[in-house]
There are 2 protein chains.
Amino acid sequence: MTQNPPKFRREPAKQRKEALVLATLSLIAEQGVRGATVREIAKRANVTQGLIRYHFSSKEELISAAYSHHMSSMTDLTTAPSAKDNASAKSRLAIFVASGLKPPVCDPNSVSLWASFLNKVREDPQMQQIHKQTYFDFRDRLEALISEALIEAGVVVSPQQLRHYAIACNATIDGLWMEGGALPEAFEPGELPEIGLRSVGAIIGLDLHEAGEQP
Amino acid sequence: MTQNPPKFRREPAKQRKEALVLATLSLIAEQGVRGATVREIAKRANVTQGLIRYHFSSKEELISAAYSHHMSSMTDLTTAPSAKDNASAKSRLAIFVASGLKPPVCDPNSVSLWASFLNKVREDPQMQQIHKQTYFDFRDRLEALISEALIEAGVVVSPQQLRHYAIACNATIDGLWMEGGALPEAFEPGELPEIGLRSVGAIIGLDLHEAGEQP
DNA sequence: TCAGTAATTATTCAAGTGTATAGTTAGAAA
DNA sequence: TTTCTAACTATACACTTGAATAATTACTGA
């Protein structure tokens with residue numbers, strides 16, 4: 001008696017959901033939101049279309065999950081390299097800034113993904129929530145690094161001032177990141193991290209340029 | 001013999017095209033790209049759907065025209081207030097920066113419109129062309145103002161340095177603009193122009209703060 | 001080994017989309 | 001007035017989309 005091979009494989013919900021999220025992300029990155037249809041996502045995940053509705057109550061929910069995943073991943077990729085405890089605060093800040101302005105964080109695919117999602121933020125409250133949360137999460141980490149670097153340098157600033165620094169530096173990084181991703185050929189390699197270090201340094205009054213050139 | 005009233009009015013192509021573009025923009029601003037269907041646009045412009053295809057060879061072409069219109073409009077709104085010839089270069093730069101960071105330029109609708117379009121930039125070469133053109137147009141104007149302000153202050157910088165300044169200041173303005181539009185409740189009124197002036201000033205080494213408080 | 005159930009497939013539906021095309025009409029020109 | 005054409009309407013087509021539903025199947029655990 002030959003038992004015919006299984007027609008599909010059952011996966012735990014958590015794993016399958018993540019697989020679907022990853023398929024969604026790669027699809028959006030390649031073809032934009034427009035290309036990320038339920039059918040196409042299912043095909044890429046080697047699954048039939050009905051399964052998506054089984055795991056996510058609607059397509060919007062899947063998109064939200066993908067958005068959340070992508071933003072966390074970018075924040076992590078920017079934060080991780082600066083988490084070496086032995087380095088000075090200034091050097092950690094410099095690494096943070098530079099990491100956000102070179103691949104894989106600063107990259108056409110990433111920016112394109114982000115732009116695709118930004119669209120839906122206005123329509124969908126859940127997306128708005130994720131947007132707000134990831135924005136403040138990123139900015140708070142940056143503010144903490146700035147604060148440590150200033151203390152280390154013996155500079156005293158008011159909380160208000162610190163907040164303004166964080167907003168400004170965040171904007172500068174975001175702006176450079178976005179432009180680097182949306183118009184890659186307009187900048188030479190290494191140019192954006194360099195500009196980022198100089199600008200953030202100028203804004204908060206510290207020279208980050210020396211500290212930022214890490215392998 | 002009563003002659004029944006005309007069923008529609010003929011407009012010159014140019015006017016009708018602009019009306020369609022404006023209908024498209026208001027629709028996208030309200031409901032996002034997804035809501036801007038051919039039928040809905042036609043309805044808003046008090047026209048039947050077929051007319052769109054008559055004036056624009058495809059929907060994409062209409063979208064491109066709307067994108068171009070919106071970006072030019074934003075650049076103009078940022079540039080115009082700084083064009084008073086009698087003011088000093090520094091003051092004109094300050095006004096430029098501040099104008100871009102308050103309404104109507106810095107505004108949820110504007111940002112949302114921009115984000116909607118950014119999506120299509122990657123897919124459509126024509127959109128990419130418009131993106132590139134409007135980006136450089138804005139940045140070049142900013143670079144010119146920076147250059148004049150530095151010369152006025154007796155500061156000499158290399159072309160390379162000037163280019164870096166323009167990229168950095170542009171990124172800072174864009175970043176603040178975007179965040180102010182995407183998360184309006186996160187900033188107090190007047191906070192963004194103030195942060196913008198301080199940051200741009202810090203980056204290029206001039207004190208713009210004094211010069212930027214215009215009515 | 002044999003339910004039981006959660007994961008998965010298979011199929012259908014109703015609504016909406018951009019596009020095409022043929023016919024109609026306003027309004028200038030002769 | 002009549003003619004002519006660019007602007008406009010009306011209608012239908014071909015296709016895609018997200019969602020719903022019912023039927024199957026892989027795996028767990030008793």
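Any value given below was found using the heavy atoms of this structure, including those in side chains, with hydrogens, waters and symmetry copies removed. Per chain, numbering begins at 1; letters A, B, ... match sequence-line order.
- Distance from the side chain of Phe8(B) is smallest to dT25(C) among dA7(C), dG18(D), dT25(C).
- Using a 4.0 Å heavy-atom distance criterion, Arg9(A) is classed as a sugar-phosphate-only contact.
- In terms of phosphate contacts, His55(A) brings a side-chain nitrogen or oxygen within less than 4.0 Å of OP1 or OP2 of dT8(C).
- dT19(C) atom C1' lies 16 Å from atom CZ of Phe56(B), rounded to whole Å.
- Separating the CG atom in Leu197(B) from the CZ atom in Phe96(B) is a distance of 12.0 Å, to the nearest 0.5 Å.
- Side chain Arg10(B) to base dA7(D): no donor-acceptor pair is found below 3.5 Å.
- Rounded to a whole Å, the NZ atom of Lys7(B) is 12 Å from the C1' atom of dG23(C).
- The nearest whole Å value for the distance from the CD atom in Glu40(B) to the C1' atom in dT17(C) is 12 Å.
- Atoms CG (Leu51(A)) and P (dA6(C)) sit 15 Å apart, rounded to a whole Å.
- Between Arg39(A) atom CZ and dC15(D) atom C1' there is a gap of 11 Å when expressed in whole angstrom units.
- Ranking dA7(D), dT9(D), dG18(C) by closeness to the Val38(B) side chain, first place goes to dG18(C).
- Rounded to whole Å, the distance from OH on Tyr54(B) to P on dA22(C) is 16 Å.
- Counted by atom type alone, Thr172(A) and Thr172(B) present one or more donor-acceptor pairs between their side chains at under 3.5 Å.
- Rounding to whole angstrom units, CG of residue Asp124(A) and C1' of dG18(D) are separated by 15 Å.
- Residue contacts shown for Glu11(B) are limited to sugar-phosphate atoms, with no base heavy atom under 4.0 Å away.
- In this structure, Thr48(B) reaches the bases: a heavy-atom distance under 4.0 Å links it to at least one base atom across the strands shown.
- Other residues, nucleotides and ligands contribute only 12 or fewer heavy atoms inside 6.0 Å of the NZ atom of Lys132(A).
- Taking a cutoff of 4.0 Å between a charged side-chain nitrogen and a carboxylate oxygen, Lys43(A) and Glu40(A) qualify as a salt bridge.
- Between Glu148(B) and Arg92(B), at least one side-chain N (NZ, or NE/NH1/NH2) sits under 4.0 Å from a carboxylate O, which counts as a salt bridge.
- Here the P atom of nucleotide dT17(D) and the NZ atom of Lys59(A) are 8 Å apart, to the nearest Å.
- Mapped onto DNA chain D by nearest heavy atom, Gln49(B) and Arg16(B) fall at different nucleotides, with Arg16(B) at the one closer to the 5' end.
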